[in-house]
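No experiment lies behind these values; they were computed from the predicted model shown.
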Amino acid sequence: MNLITTIFAITALLSIILATVSFWLPLMNPDHEKLSPYECGFDPLGTARLPFSLRFFLVAILFLLFDLEIALLLPLPWGDQLASPLLTFLWATTVLILLTLGLIYEWLQGGLEWAE
């Protein structure tokens with residue numbers, strides 16, 4: 001019982017210390033740019049109809065696709081405990097092969113090149 005009390009005390013103390021430090025560390029005098037709702041560098045008073053780069057959109061979609069692939073393959077190590085682990089690994093390999101073939105196709109078509 002003494003170990004559990006010690007763990008709770010250390011956890012509470014560490015939480016209190018981190019909470020107080022997080023209040024002291026930030027800059028208390030934010031400048032004009034930080035108070036602006038657009039601190040990303042875009043002019044908030046300009047037009048919203050600026051041309052959008054299609055190549056940037058393609059790379060962003062590819063990033064999201066491969067990020068989703070990683071999220072789908074994360075539970076794969078626990079797939080060997082299923083009734084048919086070979087089928088699970090076959091499906092995972094199929095997904096990886098399809099995504100790799102799609103990436104190779106996109107690369108060969110020149111869709112990943114920024115400069116022409």
Pairs of donor and acceptor atoms involving the side chains of residues 94-106, under 3.5 Å and at least two apart or interchain, shall be tabulated with distances.
residue, atom, partner, partner atom, Å
Thr94, OG1, Leu90, O, 2.7
Thr100, OG1, Leu96, O, 2.7

Distance, nearest 0.5 Å, that separates CG of Leu18 from CG of Leu14: 4.5 Å
Spatial distance of atom OG (Ser84) from atom CH2 (Trp91) [nearest 0.5 Å]: 11.5 Å
Holding to side-chain contact (heavy atoms from CB on, under 4.5 Å), I want the full list of residues that pass it with Ile4, two or more places apart in sequence or in another chain. Phe8
Using side-chain contact (heavy atoms from CB on, under 4.5 Å) as the criterion, list what pairs up with Ile7, not counting sequence neighbours. Leu3, Thr11
When the side chains of residues 57-66 are checked against the rest of the protein, which donor-acceptor pairs come out under 3.5 Å, sequence neighbours left out?
none

Taking the hydrophobic residues Ile, Leu, Val, Met, Phe, Trp and Tyr, and joining any pair whose side-chain heavy atoms are under 4.5 Å apart, which ones share a cluster with Leu68? Leu72
